[in-house]
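Structure first, commentary second.
Fair warning: this is a prediction, and the values are worked out from it, not measured in the lab. Per chain, numbering begins at 1; letters A, B, ... match sequence-line order. Hydrogens, waters and symmetry mates play no part in the numbers below; they use all other heavy atoms, side chains included.
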Protein chains: 2
Amino acid sequence: MQTVDDILKIKKVKSTAIRTVVLTHLLKQEKAQSLKDIENALIYTDRSSIFRTLKTFEENKVIHSIEDGSGMTKYAVCAEGCNCAPEDLHYHFYCTSCDKTFCLFDVPIPKIQLPENFKLQQANMVAKGLCGHCNK
Amino acid sequence: MQTVDDILKIKKVKSTAIRTVVLTHLLKQEKAQSLKDIENALIYTDRSSIFRTLKTFEENKVIHSIEDGSGMTKYAVCAEGCNCAPEDLHYHFYCTSCDKTFCLFDVPIPKIQLPENFKLQQANMVAKGLCGHCNK
DNA sequence: CTTAGGGTGCAACTCGATTGCAAAGTTTAC
DNA sequence: GTAAACTTTGCAATCGAGTTGCACCCTAAG
Ligand SMILES: [Mn+2]
Ligand SMILES: [Mn+2]
Ligand SMILES: [Zn+2]
Ligand SMILES: [Zn+2]
């Protein structure tokens with residue numbers, strides 16, 4: 001199991017107090033977190049610092065972002081070995097009832113037949129509906 | 001070929017001047033349009049009226065919206081017969097170079113293996129990269 | 001110790017989205 | 001036909017997530 005500092009080291013991101021606490025928080029979550037989620041959880045940490053931390057993490061592929069249509073970008077820690085290349089991508093699921101967004105790490109994205117000459121670089125794939133808890 | 005009024009009638013949306021002009025505009029586009037795109041194209045029409053028109057269209061499945069991660073929601077006319085049900089969905093493509101978003105109407109979404117008890121209702125699937133024009 | 005450069009906190013700002021409200025237009029009931 | 005009832009539109013104001021400027025802080029290098 002990788003520790004927070006292992007991850008930062010592998011991804012070549014300097015370890016700081018805020019980065020450690022943000023990544024520690026993200027690693028504990030079962031659902032992807034918005035900036036506001038993190039802000040609410042880490043009440044003594046400034047929003048813009050968290051924001052810049054998330055940008056740094058995303059640039060360095062520590063985390064990936066998900067646009068789930070809720071109006072707030074969500075973030076989740078990348079799987080070990082993920083390089084955010086097309087073959088590393090996975091689907092996400094947004095529950096329209098409880099507003100949670102999950103990474104479906106086990107559901108890779110199939111080869112999409114793009115039009116002639118198009119080049120795939122990234123993807124934001126979000127299935128929406130009811131999660132197991134809300135679909136009763 | 002369906003006319004604008006045919007479409008509105010089928011989708012049970014009352015025809016008005018603004019609705020007609022917005023839908024006519026959308027039907028002419030090869031790329032999905034943002035509120036601002038439409039506002040710029042229809043310079044004498046108020047933004048909030050266009051906004052409400054888009055909401056009405058979306059509620060009534062005249063159009064569908066796409067969150068492409070550009071920060072602006074894009075809209076495109078639904079294909080004939082589309083009911084915006086999971087089986088009617090398709091992938092989208094966002095060009096990171098020219099900022100255009102396309103509906104890949106010919107690329108249906110495969111059956112996604114969701115976790116136990118999850119229920120699929122909608123989806124926002126966006127592949128990103130370079131379009132045929134920018135990938136040179 | 002001194003300095004340089006990145007990291008952090010705070011406040012201000014941007015901009016797409018959304019809403020309140022009154023005026024204008026349309027439909028319905030009589 | 002007319003008036004009330006309802007819907008749509010225009011305008012201005014507001015919201016809120018995201019972003020930025022700047023001064024201060026901290027740490028690593030010399
Ligand atoms: Mn994910
Ligand atoms: Mn589409
Ligand atoms: Zn749920
Ligand atoms: Zn392009």
Checklist entry - Any idea how A/Phe102 and B/Phe118 line up, ring-wise: parallel (<30°), tilted (30 to 60°), or perpendicular (>60°)? => result perpendicular

Next on the checklist: What's the closest nucleotide to the side chain of A/Thr16 if the choices are C/dG20, C/dT8, C/dT18?
Outcome noted: C/dT8

Checklist outcome for this item: Residue pair B/Lys14/B/Tyr75 against DNA chain C: nearer the 5' end by closest nucleotide is B/Tyr75

Checklist entry - Atom CD1 of B/Ile38 to atom P of D/dT9: distance rounded to whole Å? => result 14 Å

Checklist entry - Among the nucleotides D/dG18, D/dT9, C/dT27, which one has an atom lying closest to any side-chain atom of A/Arg47? => result D/dG18

Checklist entry - Taking for each residue the nucleotide of DNA chain D with the nearest heavy atom, is it B/Arg19 or B/Asp46 whose nucleotide lies nearer the 5' end? => result B/Arg19

Item to check | Side-chain touch B/Thr96/A/Gln121, heavy atoms, less than 4.5 angstrom | outcome: yes

Checklist entry - Starting at CG of B/Leu54 and ending at C1' of C/dA17, how long is that distance when rounded to a whole Å? => result 12 Å

Checklist entry - Starting at CD1 of A/Ile18 and ending at C1' of C/dG6, how long is that distance when rounded to a whole Å? => result 13 Å

Checklist entry - Quick one: A/Ile43 CD1 to C/dC10 P, roughly how many Å, whole number? => result 13 Å

Next on the checklist: By the 4.0 Å heavy-atom rule, please label A/Thr73 as base, sugar-phosphate, or nothing.
Outcome noted: sugar-phosphate

Item to check | Distance-minimising heavy-atom pair for B/Gly132 and A/Asn117 | outcome: CA-CB, 3.8 Å

Item to check | Presence of B/Ser48 side-chain N/O under 4.0 Å of D/dC11 phosphate oxygens OP1/OP2 | outcome: no

Item to check | Distance, rounded to the nearest Å, where B/Leu42 contributes CG and D/dT9 contributes P | outcome: 13 Å

Checklist entry - Looking at the side chain of B/Arg52, which of C/dT8, C/dT19, C/dT27 is the nearest nucleotide? => result C/dT19

Checklist entry - Would you say C/dT18 has OP1 or OP2 under 4.0 Å from some side-chain N or O of B/Lys55? => result yes

Checklist entry - Should B/Lys36 be listed as having a side-chain N or O under 4.0 Å from OP1 or OP2 of C/dG16? => result yes

Next on the checklist: Salt bridge or not between A/Lys74 and A/Glu67? Use side-chain N to carboxylate O under 4.0 Å.
Outcome noted: no

Item to check | Euclidean distance, atom CG of residue B/Leu35 to atom P of C/dT18 [Å, nearest integer] | outcome: 9 Å

Checklist outcome for this item: Whole-Å distance, B/Ile50 CD1 to D/dT8 P, equals 16 Å

Next on the checklist: Can you measure B/Phe51 atom CZ to D/dT8 atom C1' for me and round it to whole angstrom units?
Outcome noted: 15 Å

Next on the checklist: Parallel, tilted or perpendicular, judged at 30° and 60°: which one describes the rings of A/His90 and A/His64?
Outcome noted: perpendicular

